[in-house]
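Some notes on the structure that comes next.
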Amino acid sequence: MKHIFQNILLIVFFVSFSINAQEKAIKIPKDTSYTVKNEFKKYRKYYPQIKPAIDSLPANVKESRNVVYTTLKNTPFGDRDLHVDVFSPKKKGKYPALIMVHGGGWRAGDKSLQVPMAQKLAAKGFVTVCVEYQLSMEAKYPAAVFNIKSAIRWMRANADKYGIDPDKIAISGCSAGGQLALLVGLTNGVEGKEGNQGNLGFSSDIQAIVDMDGAVDFMAPLSLNLDRKPDSPDIAWLGGSFYEKPEIWKDASGIFWANEKSCPILFLNSGFPRFHAGQDELIGMMKDWGIYTEAYKFDVQLHTFWLFNPWVDPTVNYVHNFLTKVFNNQSSKK
């Protein structure tokens, strides 16, 4: 009897050890350094008046958090669920929508960083969708592009459920998320940028773009910076330096996908020129094609202005006014 009991204990131990080992084996690596708390510590000595924007659901807004928009099968970390947080007006109707992409150097951050802005925009009459995507320690470029395009298709597939007007979907992004938003929005209809991650019967086309301090052209001198270290965020995400993979650096640059059929763009900038290198050139191209653009600058040396008061409300207002103008103009042409 004693031996049987000991054997049972051994079996329980090995099963528990095996489960724990599996859990450790499939844990997705992630850089956790990019948080509102850390950004606040970095900037408050220069801007003592700043206060972090908070997650606070407005009375006229409803939410659906951590909704799975796609499941990636057989990844190195097992089956991988990707999630969105959805905020929408409580009043029934069909609303324009905005998918929102967080920043963090393509290797850090998460969708919660977009929630305060998403809630404020939902209170103004938009369905806002904060998207999770694969970061560079999990998957290199262009995995995140495929993720986001899949999420846009999911939005159209679930338009009735969440009160989304499928003909009025915009994308916004901050920093690395701004680069992704611009690239996703400027590659409407490009088959090689679609991926195969769910809801393939629906379009991933975008009708307007908002880029907040996100790279426009990786090849521009201020952005390229050939002296970058091998572990720099862009090199890590793109899978090599410009010298090693120049074609990838060009492929990931939104400016090279712009054309006469591109959608309107709003640029919101900090006082750091390197984050909008190539922007003036893109705006010039858009003007030549007669495509509407706006650009505004917060003249502060604070990259992540969208995370803090007193800049979050002006940021939301710029986005709201731009999208309202674009979508109203779109409706008038029908």
Side-chain angles (χ1 to χ4, degrees), residues 53-70 82-102 111-132 147-174 177 181 184-185 188 198-212 263-266 268 292 294 306 312-334:
I54 61 171
D55 180 335
S56 178
L57 190 69
N60 65 337
V61 173
K62 58 185 178 180
E63 64 180 13
S64 300
R65 302 221 189 191
N66 289 317
V67 180
V68 175
Y69 71 84
T70 195
L82 290 171
H83 306 81
V84 288
D85 293 337
V86 184
F87 301 91
S88 53
K90 283 184 178 178
K91 184 179 179 181
K92 284 190 176 181
K94 188 176 285 190
Y95 297 93
L98 177 67
I99 182 168
M100 305 178 71
V101 189
H102 71 82
K111 59 185 170 60
S112 69
L113 295 167
Q114 298 291 286
V115 166
M117 283 197 299
Q119 292 169 332
K120 290 174 181 289
L121 284 162
K124 291 177 176 287
F126 288 87
V127 176
T128 51
V129 178
C130 305
V131 63
E132 174 191 16
N147 299 159
I148 296 165
K149 295 254 187 184
S150 174
I152 297 163
R153 294 194 298 268
W154 175 89
M155 289 169 68
R156 287 198 167 94
N158 291 274
D160 290 342
K161 180 176 181 180
Y162 292 102
I164 294 171
D165 183 341
D167 296 324
K168 296 180 179 180
I169 297 181
I171 187 168
S172 70
C174 304
V184 167
N188 283 345
N199 293 298
L200 296 176
F202 293 84
S203 171
S204 67
D205 281 4
I206 285 296
Q207 282 70 58
I209 302 166
V210 180
D211 180 358
M212 304 181 201
C263 60
I265 306 174
L266 166 65
L268 295 176
Y292 185 68
E294 291 183 13
W306 53 85
V312 65
D313 284 337
T315 297
V316 166
N317 289 336
Y318 280 133
V319 174
H320 169 259
N321 294 341
F322 169 77
L323 293 181
T324 299
K325 191 180 299 182
V326 169
F327 288 140
N328 284 347
N329 184 55
Q330 178 183 321
S331 297
S332 68
K333 290 181 179 179
K334 288 185 177 180

**Study point:** Worked check of side-chain contact (heavy atoms from CB on, under 4.5 Å) between Val86 and Val127
**Key:** CA-CA 7 Å; Val86 184; Val127 176; 3.9 Å; yes
Exercise for review: List the steps, then state whether side-chain contact (heavy atoms from CB on, under 4.5 Å) holds for Tyr69 with Val129.
Suggested key: CA-CA 11 Å; Tyr69 71 84; Val129 178; over 6 Å; no
**Study point:** Note, Ile99 side chain near Ile148 side chain (heavy atom, < 4.5 Å)
**Key:** yes
Point to revise | Close side-chain approach of Trp154 and Val67, heavy atoms under 4.5 Å | key: yes
**Study point:** Met117 side, atom CE; Cys174 side, atom SG - distance, nearest 0.5 Å
**Key:** 4.0 Å
Check your understanding: Is the shortest heavy-atom distance from the side chain of Arg156 to the side chain of Ile164 under 4.5 Å?
Key -> no
Revision key, fill the gap. Here the pair of heavy atoms bringing Asp165 nearest to Pro96 is CB-N, 4.3 Å
Point to revise | Heavy-atom pair of closest approach, residues Thr70 and Ser150 | key: CB-OG, 3.7 Å
**Study point:** Asp205: salt bridge (Lys or Arg N to Asp or Glu O under 4.0 Å) partners, not counting sequence neighbours
**Key:** none
Review point. Taking all non-hydrogen atoms of both residues, which atom of Cys263 and which atom of Gln207 are closest, and how far apart?
Key: CB-O, 3.3 Å
Practice item. Just jot down the salt bridge (Lys or Arg N to Asp or Glu O under 4.0 Å) partners of Lys124, sequence neighbours excluded, or say none. Key: none
Exercise for review: Might you point out which heavy atoms bring Gly198 and Arg153 nearest each other, and give the distance in Å?
Suggested key: O-NE, 3.0 Å
Review point. Going by heavy atoms in the side chains, are Leu323 and Lys168 under 4.5 Å from each other?
Key: no
**Study point:** Flag side-chain contact, heavy atom, 4.5 Å: Val101 against Val184
**Key:** no
**Study point:** Separation of Cys130 SG from Leu113 CG (nearest 0.5 Å)
**Key:** 9.5 Å
Check your understanding: Within the side chain of Ser204, is there an N or O that forms a donor-acceptor pair under 3.5 Å with the backbone of Lys149?
Key -> no
Review point. Looking at side-chain heavy atoms only, is the closest gap between Gln330 and Asp167 below 4.5 Å?
Key: yes
Check your understanding: Is the His320 ring parallel, tilted or perpendicular to the Phe126 ring (thresholds 30°, 60°)?
Key -> perpendicular
Practice item. Run the numbers on Arg65 and Val115 for side-chain contact (heavy atoms from CB on, under 4.5 Å), then give the verdict. Key: CA-CA 10 Å; Arg65 302 221 189 191; Val115 166; 4.2 Å; yes
Review point. Between Asn66 and Lys111, does any side-chain donor sit less than 3.5 Å from a side-chain acceptor?
Key: yes
Point to revise | side-chain contact (heavy atoms from CB on, under 4.5 Å) against Leu57, all qualifying residues, sequence neighbours excluded | key: Val61, Glu63, Phe87, Gln119
Exercise for review: Looking only at non-hydrogen atoms, find the nearest pair between Leu98 and Ser172 and report the distance.
Suggested key: CD1-N, 3.6 Å
Review point. What's the spacing between Ile171 CD1 and Ile265 CD1 if we round to 0.5 Å?
Key: 11.5 Å
Practice item. Measure across Pro166 and Lys94 and return the closest heavy-atom pair with its distance rounded to 0.1 Å. Key: CD-CD, 4.4 Å
Point to revise | Close side-chain approach of Asn329 and Lys325, heavy atoms under 4.5 Å | key: no
Study note, to complete from the structure: Interatomic distance, OG1@Thr128 vs CG@Leu121, rounded to 0.5 Å, equals 6.5 Å
Check your understanding: Could you give the distance from CZ (Phe202) to CG (Asn158), rounded to the nearest 0.5 Å?
Key -> 8.0 Å
Check your understanding: Going through the distances and angles, do Leu266 and Val319 end up as a side-chain contact (heavy atoms from CB on, under 4.5 Å)?
Key -> CA-CA 8 Å; Leu266 166 65; Val319 174; 4.3 Å; yes
Check your understanding: Hey, are the side chains of Met155 and Tyr162 touching, using non-hydrogen atoms and a 4.5 Å cut-off?
Key -> no
Point to revise | From Gln114 atom CD to Asp55 atom CG, the distance as rounded to the nearest 0.5 Å | key: 12.5 Å
